[in-house]
Amino acid sequence: MSDYGHDLWFGSFITPTARPPQAPVELALTSERAGLDLVSFQDHPYQSAFQDTWTLMSYVAARTERIRISGNVLSLPLRPPAVLARAAASLDRLTGGRVELGLGAGAFWDGIVAMGGRRLEPAQAVRAVEEAVEVIRGLWATDETGPLRVKGEFHTVTGAKRGPAPAHRIPIRIGAYKPRMLRLTGRIADGWLPSLGFLPDGPASLHAMNEHIDEAASAAGREPAAVSRLLNLSGRFTSGAGGGLFEGAPGDWAEQIADLALRYGVSGFILASDEPADLNLFGHEVAPRARELVQSERVT
């Protein structure tokens with residue numbers, strides 16, 4: 001059991017398709033109407049079939065009223081952290097505190113290089129993420145005196161003025177799978193954001209991966225529960241009996257989500273789907289039932 005006791009929340013993971021341009025916006029509005037807590041978008045700036053994720057997030061922020069907004073995950077090799085810090089703080093202030101950050105070290109390096117980014121080895125990518133988080137948080141820290149100076153191997157800031165501060169403490173979550181990045185997540189991140197489809201052994205992988213995060217958090221003097229655990233997932237809703245993990249009726253989905261929450265400590269569940277019907281079922285039926293199941297188990 002690795003239940004960290006966090007409240008469950010639910011979100012959507014939408015493709016930022018460029019054609020038609022309003023399609024992901026409408027799905028974001030559907031997500032909000034379905035009662036979901038967060039809408040997120042993948043970030044692949046080298047993909048010409050996609051709209052720019054930050055521009056889309058800003059547009060969606062202006063069209064919505066309640067739902068939180070995040071990249072899932074933002075490609076740090078193509079988004080300078082000092083600029084990203086100001087962009088995130090600005091959008092957070094404009095939305096009254098609805099922005100969250102999911103950060104990625106980079107995956108599709110040929111595309112990154114084609115767009116002018118630098119190809120990094122795995123160990124370099126981990127250090128680059130750590131430096132980026134230091135820059136981002138440093139520029140948000142308007143209560144600290146003096147300009148920000150970070151002399152990193154990959155990200156350097158030489159006397160940047162701090163601010164603006166975001167409207168709330170923006171959580172920084174890291175997409176991580178390998179031990180070095182998992183340990184970094186435990187040391188410095190507010191949350192961990194993997195995708196179920198990329199876990200080598202499915203949900204069973206979460207146990208060992210959680211251990212890397214927990215051990216690193218404890219070694220850094222943090223409570224392991226300070227790092228929230230999120231999960232991107234996909235599947236198929238059916239009207240009949242369930243046929244496997246996330247393939248079945250909404251009630252089956254709710255039971256499987258409750259098991260992931262209680263067994264592995266996952267508290268944020270983000271559905272990757274561009275189907276309005278799926279988002280509605282996830283928000284209106286799966287989410288409330290999963291919360292009931294987890295709450296019932298916790299009080300017994």
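What's counted below: heavy atoms across the whole structure, side chains too, no hydrogens, waters or symmetry copies.
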Student: Do the side chain of Glu32 and the main chain of Ile67 share a donor and acceptor less than 3.5 angstrom apart?
Tutor: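 Judged by distance alone, yes, a pair lies under 3.5 Å.
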Student: Got a second to check how far Thr238's OG1 is from Asp252's CG, nearest 0.5 Å?
Tutor: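 One gets 6.5 Å once the value is rounded to the nearest 0.5 Å.
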Student: Any luck finding a side-chain donor-acceptor pair between Arg98 and Thr64 under 3.5 Å?
Tutor: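 Present: a donor and an acceptor within the cut-off.
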Student: For Ser90 and Pro164, which heavy atoms make the closest approach, and how far apart are they?
Tutor: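 For Ser90 versus Pro164, the nearest heavy atoms are OG-CG, 4.1 Å.
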Student: Would you say Phe50 and Pro45 make side-chain contact, with heavy atoms under 4.5 Å?
Tutor: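 With C-beta onward as the side chain, the pair stays apart.
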Student: Counting only heavy atoms not in Asp7, do more than 12 fall under 6.0 Å of its CG?
Tutor: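 Open.
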Student: Arg229 side chain to Val227 main-chain N or O, any donor-acceptor pair under 3.5 Å?
Tutor: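 Pair found, side chain donor or acceptor close to backbone of Val227.
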Student: Between Leu279, Leu38, Leu271, which is the residue that forms a side chain to side chain contact (heavy atoms under 4.5 Å, CB included) with Ser31?
Tutor: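 So the option named by the test is Leu279.
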Student: So which atom in Arg66 and which in Asp37 form the shortest heavy-atom distance, rounded to 0.1 Å?
Tutor: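 Looking at all heavy atoms of both residues, the shortest contact is NH1-CA, 4.1 Å.
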Student: Between Glu255 and Ala290 (side chain of the first, backbone of the second, donor and acceptor by atom type, cut-off under 3.5 Å), is there such a pair?
Tutor: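 Looks like no, no N/O pair under 3.5 Å.
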Student: Is Leu74 reachable from Trp109 through a run of hydrophobic residues whose side-chain heavy atoms are each under 4.5 Å from the next?
Tutor: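 No.
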Student: Can you list the steps and then say if Gln51 with Thr17 is a side chain to side chain contact (heavy atoms under 4.5 Å, CB included)?
Tutor: CA-CA 6 Å; Gln51 302 185 73; Thr17 182; 5.6 Å; no
Student: Testing the 3.5 Å rule here: is there a donor-acceptor pair between the side chains of Asp274 and Thr15?
Tutor: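 Side-chain D/A pair, Asp274 to Thr15: present.
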Student: Identify the heavy atoms of Ala261 and Val294 that sit nearest to each other, and give their distance.
Tutor: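 Shortest heavy-atom contact: CB-CG2, 4.0 Å.
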Student: Assess whether a salt bridge exists between Arg127 and Glu130, defined as any Lys/Arg side-chain N lying under 4.0 Å from an Asp/Glu carboxylate O.
Tutor: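 Salt bridge between Arg127 and Glu130, a charged N being under 4.0 Å from a carboxylate O: no.
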Student: Looking at Arg298 and Asp3, is there a salt bridge between them, counting it only when a charged N and a carboxylate O are closer than 4.0 Å?
Tutor: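 Result for this pair is yes, salt bridge flagged.
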Student: Got a donor-acceptor contact below 3.5 angstrom from the Glu131 side chain to the Gly152 backbone?
Tutor: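 Such a contact is absent between Glu131 side chain and Gly152 backbone.
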Student: With a 4.5 Å heavy-atom cut-off, do Arg33 and His284 have their side chains touching?
Tutor: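 Sidechains of His284 and Arg33: no contact.
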Student: With a 4.5 Å heavy-atom cut-off, do Val99 and Ser70 have their side chains touching?
Tutor: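 Not touching, per the 4.5 Å side-chain cut-off.
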Student: Do Arg187 and Asp214 sit within salt-bridge range, that is, some charged N less than 4.0 Å from a carboxylate O?
Tutor: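 No salt bridge links Arg187 with Asp214.
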Student: Taking atom types as modelled, is there a side-chain donor on Asp43 or Asn72 under 3.5 Å from an acceptor on the other?
Tutor: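 There is no such pair (donor and acceptor under 3.5 Å, judged by atom type) between the side chains of Asp43 and Asn72.
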Student: If the threshold is 4.0 Å, N to carboxylate O, is there a salt bridge linking Asp190 and Arg169?
Tutor: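 Looking at Asp190 and Arg169, the cut-off is met.
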Student: Is it true that a side-chain atom of Asp201 and a backbone atom of Ala204 form a donor plus acceptor pair closer than 3.5 Å?
Tutor: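 Not at all, since once roles are kept as given, no pair shorter than 3.5 Å links the two residues.
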Student: Using side chain to side chain donor-acceptor pair (under 3.5 Å) as the criterion, list what pairs up with Glu211, not counting sequence neighbours.
Tutor: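 His207.
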Student: Minimum heavy-atom separation for Pro77 and Ala105, please, with both atom names.
Tutor: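 That would be CG-O, 3.2 Å.
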Student: Counting only N and O atoms by type, is there a donor-acceptor contact under 3.5 Å from the side chain of Glu247 to the main-chain atoms of Gly244?
Tutor: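 Answer holds: no.
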Student: What residue among Phe10, Phe269, Phe237, Trp9 forms ring pair (Phe, Tyr, Trp, His ring centres under 6.0 Å) with Phe282?
Tutor: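 Option passing the ring pair (Phe, Tyr, Trp, His ring centres under 6.0 Å) with Phe282: Phe10.
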Student: Nearest 0.5 angstrom please: Leu193 CG to Leu103 CG, how far?
Tutor: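 Separation between the atoms: 9.5 Å.
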Student: Over all heavy atoms of both residues, which pair between Ala89 and Pro166 is shortest? Give the atoms and the distance, please.
Tutor: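 Closest pair (atom of Ala89, atom of Pro166, distance): CB-N, 3.9 Å.
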Student: Cluster question for you: counting only ILVMFWY and a side-chain heavy-atom cut-off of under 4.5 Å, with indirect links fine, are Val266 and Met181 together?
Tutor: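 Yes, one cluster joins them.
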Student: Grab the two heavy atoms, one from Thr95 and one from Ala61, that are nearest each other, plus how far apart they are.
Tutor: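 For Thr95 versus Ala61, the nearest heavy atoms are CG2-CB, 3.5 Å.
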Student: Do Leu206 and Trp192 touch side chain to side chain, with heavy atoms closer than 4.5 Å?
Tutor: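 Yes - at least one pair of side-chain heavy atoms lies under 4.5 Å apart.
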Student: Strictly distance-based, threshold 3.5 Å: is any side-chain N or O of Glu100 a donor or acceptor partner for the main-chain N or O of Arg68?
Tutor: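 No; zero donor-acceptor contacts below 3.5 Å.
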Student: For Leu196 and Leu245, run side chain to side chain contact (heavy atoms under 4.5 Å, CB included): C-alpha distance rounded to whole Å, both residues' side-chain angles, the deciding distance at 0.1 Å, then the answer.
Tutor: CA-CA 11 Å; Leu196 181 60; Leu245 185 62; 3.8 Å; yes
Student: Check whether any side-chain heavy atom of Arg173 lies under 4.5 Å from a side-chain heavy atom of Ser228, and answer yes or no.
Tutor: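 Yes, close enough: below the 4.5 Å cut-off.
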Student: Return the CG to CG distance between Leu293 and Asp259, rounded to the nearest 0.5 Å.
Tutor: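 With rounding to 0.5 Å, CG (Leu293) is 10.5 Å from CG (Asp259).
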Student: Are Leu91 and Ile136 joined in one hydrophobic group, where the rule is that I, L, V, M, F, W and Y side chains link up if heavy atoms are under 4.5 Å apart?
Tutor: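 Linked, Leu91 and Ile136 end up in one cluster.
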Student: Do Leu199 and Pro194 touch side chain to side chain, with heavy atoms closer than 4.5 Å?
Tutor: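 Result yes, sub-4.5 Å side-chain heavy-atom pair found.
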Student: Report yes or no: does Arg118 contribute a side-chain atom to a donor-acceptor pair with the main-chain N or O of Val113 at less than 3.5 Å?
Tutor: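 Not at all, since once roles are kept as given, no pair shorter than 3.5 Å links the two residues.
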Student: Please examine the side chains of Leu182 and Lys178, heavy atoms only from C-beta on, and report whether any two atoms are closer than 4.5 Å.
Tutor: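 Heavy-atom side-chain distance check fails, nothing below 4.5 Å.
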Student: To the nearest 0.5 Å, how far apart are CD in Glu223 and OH in Tyr4?
Tutor: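 If I round to the nearest 0.5 Å, the distance is 11.5 Å.
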Student: Taking side chain as C-beta onward, heavy atoms only, is Pro179 less than 4.5 Å from Arg183?
Tutor: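 Yes; the side chains approach each other to less than 4.5 Å.
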Student: I'd like to know if the side chain of Glu121 reaches the main chain of Ala123, judged simply by a donor and an acceptor atom lying under 3.5 Å from each other, with no hydrogens or angles considered.
Tutor: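 It does not hold such a pair.
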Student: So if you build clusters from Ile, Leu, Val, Met, Phe, Trp, Tyr with side-chain heavy-atom gaps below 4.5 Å, do Ile270 and Phe246 land together?
Tutor: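 Different hydrophobic clusters.
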Student: Start with the C-alpha gap between Arg289 and Trp253, add the side-chain angles, then the distance that decides, and say whether side chain to side chain contact (heavy atoms under 4.5 Å, CB included) holds.
Tutor: CA-CA 9 Å; Arg289 179 56 179 156; Trp253 281 56; over 6 Å; no
Student: Indicate yes or no for a side-chain donor-acceptor contact from Asp92 to the backbone of Ala88 under 3.5 Å, with no hydrogens or angles considered.
Tutor: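 Side chain of Asp92 to backbone of Ala88: no pair is present.
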Student: Just verifying a value: how many Å separate Arg236 CZ and Asp278 CG, rounded to the nearest 0.5 Å?
Tutor: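 Spacing of CZ (Arg236) from CG (Asp278) equals 10.5 Å.
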Student: Do you reckon Val39 sits in the same ILVMFWY cluster as Tyr59, going by side-chain contacts under 4.5 Å, direct or chained?
Tutor: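 Same cluster: Val39 reaches Tyr59 through Ile, Leu, Val, Met, Phe, Trp or Tyr contacts under 4.5 Å.
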Student: From Ile172 CD1 over to Thr185 OG1, what is the distance, rounded to the nearest 0.5 angstrom?
Tutor: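 If we round to the nearest 0.5 Å, Ile172:CD1 and Thr185:OG1 are 11.5 Å apart.
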Student: May I have the step-by-step check of side chain to side chain contact (heavy atoms under 4.5 Å, CB included) for Trp140 and Arg162, ending in yes or no?
Tutor: CA-CA 6 Å; Trp140 290 344; Arg162 302 177 191 267; over 6 Å; no
